[in-house]
Amino acid sequence: MELPIKYDPSLTEDKWYSYWLKHKFFHSEPDEREPYTIVIPPPNVTGVLHMGHMLNNTIQDVLVRRARMLGKNACWVPGTDHASIATEAKVVAKLKSEGIEKSDLTREQFLEHAWEWRHKHGGIILEQLKKLGASCDWDRTKFTMDPELSQAVIDTFVYFYKHGLIYRGVRMVNWDPEGLTAVSDEEVIHKETDSKFYHLKYPISDGNGNKTGEYVIIATTRPETIMADAAVCIHPEDERYFHLKGKKVMIPLINKEIPIIEDDYVTIDFGTGCLKVTPAHDINDYEIGLRHNLPVIDIIDQHGKLNDKAQILVGEDRFVARKKIVKMLEEEGLLLKVEDYKSQVGYSERTNAVIEPRLSLQWFLKMDVLAKKALHYVENDDVKLIPDKFKNTYRHWMETAHDWCISRQLWWGQQIPAYYLPDGKVVVESSLEEAYKAAKEINPDIKIEDLRQDEDVLDTWFSSWLWPISVFDATIPGHPDKTPNKDLAYYYPTNDLITAPEILFFWVARMIMAGDTFMNEKPFRNVYLTGIVRDKLGRKMSKQLGNSPDPIKLMQEYGADGVRLGMLICSSAGNDILFDESQVEQGRNFSNKIWNAYRLVTGWQVADIEQSKEAAIAIEWFNNKLNKTIAVINDHFDKFRLSDSCMTIYKLFWDDFCAWYLEAIKPAYGAPIDRKSYDATIEIFDKLLKLLHPYMPFITEELWQNLQAREDGETIMLQMMPNAAEYDEKFIEDFELTQQAIVAIRALRQSKNISPKESLELKIKGAFNPELSSILEKLANISSVEVVSDLSQFTDGQILMVGTVEFFVPLAGMINVEEEIAKAKAEIERYKKFYNSVNAKLSNERFVANAPAAVVELERKKLSDAQTKIENLEKVIENLTK
RNA sequence: GGGAGCAUAGCUCAGUUGGUUUAGAGCAUCUGCCUUACAAGCAGAGGGUCGGCGGUUCGACUCCGUCUGCUCCCACCA
């Protein structure tokens with residue numbers, strides 16, 4: 001069977017993924033083994049795979065596959081998030097393209113469209129994850145709007161409401177007067193906009209509604225809101241306005257008397273230092289209003305037009321009103337001046353309308369107690385953040401957390417289970433029937449159809465914070481006293497959560513709160529925070545910029561294994577990754593390297609002949625090196641240094657296995673290999689594939705299946721990971737010295753233009769392990785190796801120093817004596833400098849007195865080694881000058 | 001404006017409580033090779049006063065201060 005020279009992932013990836021699925025290797029059920037659990041951060045149900053998902057899910061898959069191979073009962077629960085805002089926006093846009101406005105539809109009709117959309121597009125992303133090799137337990141796939149998960153959300157709301165943690169309150173929202181909805185902060189785009197700064201004269205009154213003839217100057221960009229003013233505010237330490245303290249002013253045009261108040265929110269040197277306070281139409285003014293108990297006068301309706309509370313210009317659009325009122329003020333002589341001004345104005349992402357800050361009734365969840373508890377888990381490392389630098393950020397947020405606004409003016413999501421009686425009273429129950437029962441307690445005559453459910457839905461995070469619980473047992477949220485089912489009892493708390501730092505607060509902290517409330521236990525032990533995937537220029541990858549490669553295309557071109565390796569090799573925890581296609585190219589090249597090593601090994605003819613010395617040595621060395629490296633890999637994993645672990649295996653395979661081991665045991669062209677070496681090599685290859693499997697699942701399965709005869713139903717996925725057995729450090733060191741000597745000889749050949757085919761002799765002086773001669777002979781093409789005690793008789797050649805061992809290569813007539821002397825002299829100079837610096841250190845009594853003995857000892861060794869080297873070099877010069 | 005983080009080779013990053021580091025790796029670069037596994041390869045080589053300044057210490061890439069530059073989070077100025 002002739003194997004192609006290049007590895008073709010398209011021939012293996014789908015094949016093995018189906019095989020894994022067919023045999024249900026990803027599926028987990030509780031048993032007596034130790035569980036290892038990850039719940040996927042559920043991607044938006046209608047989303048498509050982007051590079052961030054690729055990184056995030058590759059990491060999860062590596063951890064899960066490794067855990068499985070360590071004998072744990074690994075369970076990776078997949079699923080999707082209904083993502084109310086994003087999904088609703090997509091559905092609205094789709095309907096619009098068909099000429100349908102959301103406002104033309106009833107809630108039920110709209111939801112029908114939304115579900116249709118979800119069924120059509122939902123799950124695409126999960127299919128894409130399969131291409132990546134994700135070993136999720138697909139039988140457990142969940143959606144945050146599955147009936148039982150939605151019920152869990154409702155029950156949770158009821159639970160917190162009944163425990164007094166959920167309340168209804170007024171809050172300033174970003175109102176879109178065209179879309180007629182509140183939009184979240186994330187959907188507001190701030191743009192620098194040209195506007196005007198109007199300086200207005202407010203008459204000072206005598207307190208009885210009479211003007212005193214004096215004025216105070218106020219600068220504003222929104223003169224149309226003056227009718228909603230509740231006060232004028234000055235800074236308490238602003239000397240210019242001391243005389244105004246306690247006085248009152250009249251609102252121009254409507255002549256309403258309002259107080260002058262003091263608040264250090266005001267910036268003395270901004271504008272006139274005198275601020276009109278309009279609690280209904282500015283978030284900051286609203287807060288000042290709260291502090292000073294000011295009335296809220298709302299003069300703008302939902303369409304952005306002035307209402308009758310404005311008294312004047314009623315029914316006018318806010319921008320028309322602005323122009324008209326300026327004119328009116330000017331006519332009254334109350335407009336002092338108009339300045340051009342640039343300011344950040346918020347626009348609706350969807351309608352591009354100027355956002356109007358508007359007060360509205362919203363539902364809130366009290367955060368103080370929950371945040372304190374959630375902070376505790378992280379503070380004492382019950383939940384570990386990786387890297388731990390995020391602890392600071394986390395603490396800061398938890399200490400300043402304000403109450404969570406959980407209501408959204410949307411339809412796609414879990415509708416708030418608050419039911420209003422005709423008299424405005426409210427009951428909160430987990431179903432209409434329950435609500436009806438409760439309502440009858442208040443009013444026995446009430447009919448079920450009299451109840452009106454709150455129109456709003458809950459924030460998406462209010463459902464996803466239950467995720468680690470509800471994917472296993474959705475009856476527990478809202479009912480902490482119930483006994484968890486078998487799954488939840490077994491898999492919870494989960495082990496690792498892999499997510500992005502930007503949702504540390506939105507999601508991670510809140511899962512901890514929900515876990516504490518309903519399970520009295522953390523939801524996960526470790527939180528591994530990945531960075532943002534950026535392009536080469538450091539820009540965040542985004543659709544708008546078009547700088548994100550299509551992950552599916554990338555996998556087609558480089559193979560899923562190649563992409564996985566490419567992403568992992570450069571991604572440390574918490575750091576952004578600057579993605580460049582050259583990285584996945586490296587991954588693809590590595591796949592090819594593995595493929596070709598396999599081609600070489602399986603192409604050998606095996607014969608019952610004697611094992612060569614160098615093969616025996618190479619096998620011994622590699623097994624030692626392998627054991628040592630496994631220990632390093634395990635250590636990296638324990639510390640979540642995934643890219644380090646990945647690089648370690650990469651080098652083990654490419655450098656140690658391919659460049660050294662295989663070259664050392666490789667029989668001459670056409671010659672067979674002895675059975676002993678062959679078997680040892682297959683065993684080593686088998687171990688390497690297992691070590692590589694978590695990173696590169698497809699190629700490793702393909703090669704493992706073919707390395708030896710396998711039964712149907714066997715898989716590398718479920719093999720035990722090789723252990724870190726003991727190893728002989730001294731032997732590894734001896735081999736390393738030999739490697740360095742070989743490199744030096746090869747470099748010598750290159751500099752002297754000696755072909756690798758021309759064999760050389762070698763004399764060695766120093767601590768060289770003669771067992772390793774055969775390796776030297778084979779890999780440096782040496783005809784004879786002789787260990788001698790004195791090199792002074794050998795003159796016509798070159799001495800190479802590795803550590804303190806000297807390797808003499810006879811090079812009759814090829815040595816330029818003067819050049820070599822000059823080189824040796826330069827070397828001596830270098831070592832003398834070094835010697836002096838070490839010597840200075842050792843002559844420092846305070847160093848010798850204070851430094852640990854081991855450090856001093858080391859310095860002494862450095863000194864004596866340098867001494868030896870200098871002496872050797874001096875001998876070299878002596879020989880050369882003979 | 002408040003808070004946090006980062007700065008080490010051309011690029012991406014290690015450097016694990018200050019002393020086996022005369023600062024490492026991968027990629028890229030350069031030189032020589034189509035050597036019968038692999039040119040998606042082989043062999044070899046070069047490249048950094050660890051952002052600047054100051055301090056602590058016998059000893060600083062590592063600790064402290066400060067400056068400069070970048071990033072993120074939060075709040076956004078009437």
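Just so it is clear: chains get the letters A, B, ... in the order the sequence lines come, proteins before strands, and each one is counted from 1.
- Within 4.0 Å (heavy atoms only), A:Pro756 reaches no atom of the nucleic acid at all.
- Across all strands shown, A:Cys658 has heavy atoms under 4.0 Å from base atoms, whether or not it also approaches the sugar-phosphate.
- A:Asp635 comes within 4.0 angstrom of no nucleic acid atom, judged by non-hydrogen atoms across all strands.
- Base contact: A:Gly273 has a heavy atom under 4.0 Å from a base atom.
- A donor-acceptor pair shorter than 3.5 Å can be found between the side chains of A:Tyr695 and A:Ser645.
- Contact annotation for A:Arg588: base contact, defined as any heavy-atom pair under 4.0 Å involving a base atom.
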Discussion item. Generate the contact string for nucleotides 20-32 of chain B. Rules: B means base contact, S means sugar-phosphate contact only, - means no protein heavy atom under 4.0 Å.
Written reply: B-B--SSS---BS

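- A:Glu557 comes within 4.0 angstrom of nothing in the nucleic acid, heavy atoms only.
- Within 4.0 Å of A:Asn592, counting heavy atoms only, lies at least one base atom of the nucleic acid.
- Residue A:Val266 is classed as a base contact, given a heavy-atom separation below 4.0 Å to a base.
- Checking B:A78, B:A43, B:U16 against the side-chain heavy atoms of A:Arg641 singles out B:U16 as nearest.
- Residue-level contact check: A:Ala219 touches the bases, meaning some heavy atom is under 4.0 Å from a base atom.
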Worksheet item: How does RNA chain B read in dot-bracket, base by base from 5' to 3', with Watson-Crick or G-U pairs under 3.5 Å and | used when the partner is on another strand?
Response: (((((((..((((.....[....)))).(((((.......))))).....(((((..]....))))))))))))....

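- Every residue two or more places apart in sequence or in another chain that forms a side chain to side chain contact (heavy atoms under 4.5 Å, CB included) with A:Leu290 is listed here: A:Tyr286.
- Residues A:Asp285 and A:Thr278 approach most closely at OD2-N, 2.7 Å, considering heavy atoms.
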Practice prompt. Go along nucleotides 61-66 of chain B 5' to 3' and tag each nucleotide: B for a protein heavy atom under 4.0 Å from its base, S when only backbone or sugar atoms are that close, - otherwise.
Written response: ------

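- Residues satisfying the side chain to side chain contact (heavy atoms under 4.5 Å, CB included) criterion with A:Ala615, sequence neighbours excluded, are A:Gln611, A:Ser612, A:Ile665, A:Ser677.
- For A:Leu600, taking side-chain heavy atoms from C-beta onward, the closest of the listed nucleotides B:A37, B:C58, B:A78 is B:A37.
- Under the side-chain hydrogen bond (donor to acceptor under 3.5 Å, both in side chains) criterion, no residue pair touches residues 843-856 of chain A, with sequence neighbours excluded.
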